[in-house]
Number of protein chains: 2
Amino acid sequence: METQDIQEAQETQETQDILEIRELRYFTAVAEELHFGRAAERLGMAQPPLSRAIQRLERRLGVCLLRRNRRGVCLTGAGEILLQEGRAALDAAAAAARRTRRAGGADGRGGPRNRLVLAVKAGASHELLHRLLDAYAAEPGAAEVEVLPSGTCEQEGMLRDGRADVALMHAPFNSLAGFDSEELTTEGQIAVLPAGHPLAARRTLSLAEVGDIPGLPLARWARHGRFPPGPGPEIHDQTQLAQLIALGRTVAVFPESARAWLWAEHAAVPLTDAPSVVTHIAWPAHSRSLALAGLVRTATRL
Amino acid sequence: METQDIQEAQETQETQDILEIRELRYFTAVAEELHFGRAAERLGMAQPPLSRAIQRLERRLGVCLLRRNRRGVCLTGAGEILLQEGRAALDAAAAAARRTRRAGGADGRGGPRNRLVLAVKAGASHELLHRLLDAYAAEPGAAEVEVLPSGTCEQEGMLRDGRADVALMHAPFNSLAGFDSEELTTEGQIAVLPAGHPLAARRTLSLAEVGDIPGLPLARWARHGRFPPGPGPEIHDQTQLAQLIALGRTVAVFPESARAWLWAEHAAVPLTDAPSVVTHIAWPAHSRSLALAGLVRTATRL
DNA sequence: CTCTGTGATACCTGGTGGGTATCACCCGGT
DNA sequence: ACCGGGTGATACCCACCAGGTATCACAGAG
């Protein structure tokens, strides 16, 4: 009877101290691996305490998160929700730690932080970035700006988990969901071909034409860690892609500003029907930093 | 020498398991109270362990968060950052717990959750809300929608900490920052006066005229828990305001849809220069729920 | 110069996070 | 049908740390 009361009290307790960050890390590890052993290994711990921690979490939430099958485990509906929401919470906590550390710097004094980390897709918007940094540096009281090159579409994660304070993003490739942003520039897209290819002489091309060139498959970029299916080569960095195009092995589609880094062996042909690429400056919606506001103001005035 | 190494190892450890939710709760309590004793009381614990916890947190982050003065404490720059980011992380964690519990329901099975909590400013957009609920209920496979009336401008917090899954918001009163949203309706604003007042006979009014009526000060609503300065009465709920207007003690400005709940003793006069009120449906940017998508689709089709 | 109120320190205790060893179970192979 | 490998769960133990109580150090007000 008494244990019953205790259990009920636990189940109905306020949704405050129910979820610890450590537990979220444990759960996401298990939910991603779908295997207690591997998850424990990834977490650098033994399997039994991990099992217990998950059990305790389920008991406290009063919800079944995992369905234990004979062969591994699978997520319940509630488990999928917790995985999704938990990742957001983990990002938020990591962001809090990182940004606090950065703000503290050497002494923890220093008022509002005077340093900004700007995430940019490596190699993209060179020209714009250059103008922005120059213009901002000329502002009175400008903060120091650290430019952090990021992988394809990784700026979102960097903004979410605090590795960056502000980012240049490219719609429609990046999702602006959950961030505040200002539009900066709009540009068309071009097909980048080997200079000697017959199509390189064309004044314009369509997406359909580029996607179906005999012997010249479209290059495949990783999006969120996954490569789209297709015959083309899997691209990891820009230099590799540039070389493969120059060698006549592939073709790729880029915003017009990519002309800046083309080689002599490359040819660029405007695309008529590719969606426009809109460059935004984006930042976490709750940001209140003066330095950030200054950078954004400078960017929109360029 | 060895302790030095240990300290450095702690300071440079990954920004992963550095921040626990419990510590964030402690810190925000202290940062809000600016007083260890009161904060400890609010947290339901003794003061010494709280002091130690904050010290440990500062040591782990390698950052000074609070400046201890003889009389109370004050925040450092890093402390302000942590307060701001920490609140976001606390909200995210609370949201994860709440939404998981809701998704779990009785058995934890049930696939994707089939229940939505919709936050609405109490009394606002009655007509729209009614049509939305009716239309959505008629959809095949519609989830159960729980309507959660919220205080003035409180929908944002409810969405952030998981008390609600989706909300009707009213720009420019609510900030849509950090959420995904779709625009639903736009409406002008009206001044609501006592029926007998001379100005009630006017066809239109301007904001300046309404703000400066002799003997009839503008009512003041709480925004984020604070009342704007001014001579008018402080308003807590709509009924109270309606009564004060009817009694000829105050005047207020509302979206046109407020006509729905006016009394016979009230008069409504359109405002010529008040900003339009745009009603949005908004939800957390990372939401992936099918039920939510259905509700949003229904709303935009109204 | 005390008295009051602040946060910090010392020290103790119980709960729990984590480890090792082992179990219970289901499956697949022979 | 039986056994072996691999799954997650259980039993048990230890160490650590979160939290409590008692007390200190210190500054300001009277």
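Numbered from 1 within each chain, the chains take letters A, B, ... in sequence-line order. Remember, it's a predicted structure, so these values are computed and weren't measured experimentally.
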**Q** E23(B) CD to dA18(D) C1': how many Å, rounded?
**A** 11 Å
**Q** Report the residue from D91(B), D165(B), D161(B) that forms a salt bridge (Lys or Arg N to Asp or Glu O under 4.0 Å) with R99(B).
**A** D165(B)
**Q** If only atom types and distance count, is the side chain of S287(B) paired as donor or acceptor with the main-chain N or O of W283(B) below 3.5 Å?
**A** no
**Q** For R60(B) and I18(B), indicate whether the former's side chain and the latter's backbone hold a donor-acceptor pair under 3.5 Å.
**A** yes
**Q** So with a 6.0 Å cut-off around CD of Q47(B), is the heavy-atom count from everything else above 12?
**A** yes
**Q** In sequence, state the C-alpha distance, the side-chain angles, and the governing distance for H236(A) and F227(A), and then conclude on ring-ring contact (aromatic ring centres under 6.0 Å, His included).
**A** CA-CA 10 Å; H236(A) 297 278; F227(A) 286 94; 5.4 Å; yes
**Q** Atom CZ of F36(A) to atom P of dT10(D): distance rounded to whole Å?
**A** 11 Å
**Q** Using a distance-only criterion (donor-acceptor N/O pair, under 3.5 Å, no hydrogens), is the base of dA9(D) paired with the side chain of Q47(A)?
**A** yes
**Q** Rounded to the nearest Å, what distance is computed from the CD atom of residue E41(A) to the C1' atom of nucleotide dT7(D)?
**A** 15 Å
**Q** Please state how far atom OH in Y26(B) lies from atom P in dG7(C), giving the value in whole angstrom units.
**A** 17 Å
**Q** Any side-chain N or O of S51(B) below 4.0 angstrom from OP1/OP2 of dG7(C)?
**A** no
**Q** Rounding to an integer number of Å, can you tell me how far R56(A) CZ sits from dT10(D) P?
**A** 13 Å
**Q** Rounding to a whole Å, what distance do you find between M45(B):CE and dC17(D):C1'?
**A** 12 Å
**Q** Give the rounded distance in Å between these two atoms: CG of L66(A) and P of dG8(D).
**A** 10 Å
**Q** Which of these nucleotides, dG18(C), dG20(D), dG8(D), is closest to any side-chain atom of R22(A)?
**A** dG18(C)
**Q** Verify the contact: side-chain N or O of R68(B) to OP1 or OP2 of dA8(C), cut-off strictly under 4.0 Å; return yes or no.
**A** yes
**Q** From C-beta outward on P49(B), which listed nucleotide comes closest to its side chain: dG18(C), dT21(D), dA9(D)?
**A** dT21(D)
**Q** So if I take every side-chain heavy atom of H35(B) and compare against dG8(D), dT6(C), dG19(C), which nucleotide ends up nearest?
**A** dT6(C)
**Q** Answer yes or no: does a side-chain N or O of R52(A) lie under 4.0 Å from OP1 or OP2 of dA11(D)?
**A** no
**Q** Under 4.0 Å between a side-chain N/O of Q55(B) and OP1 or OP2 of dT9(C), yes or no?
**A** yes
**Q** Write down the distance between CD (E20(A)) and C1' (dA18(D)), rounded to a whole number of angstrom.
**A** 12 Å
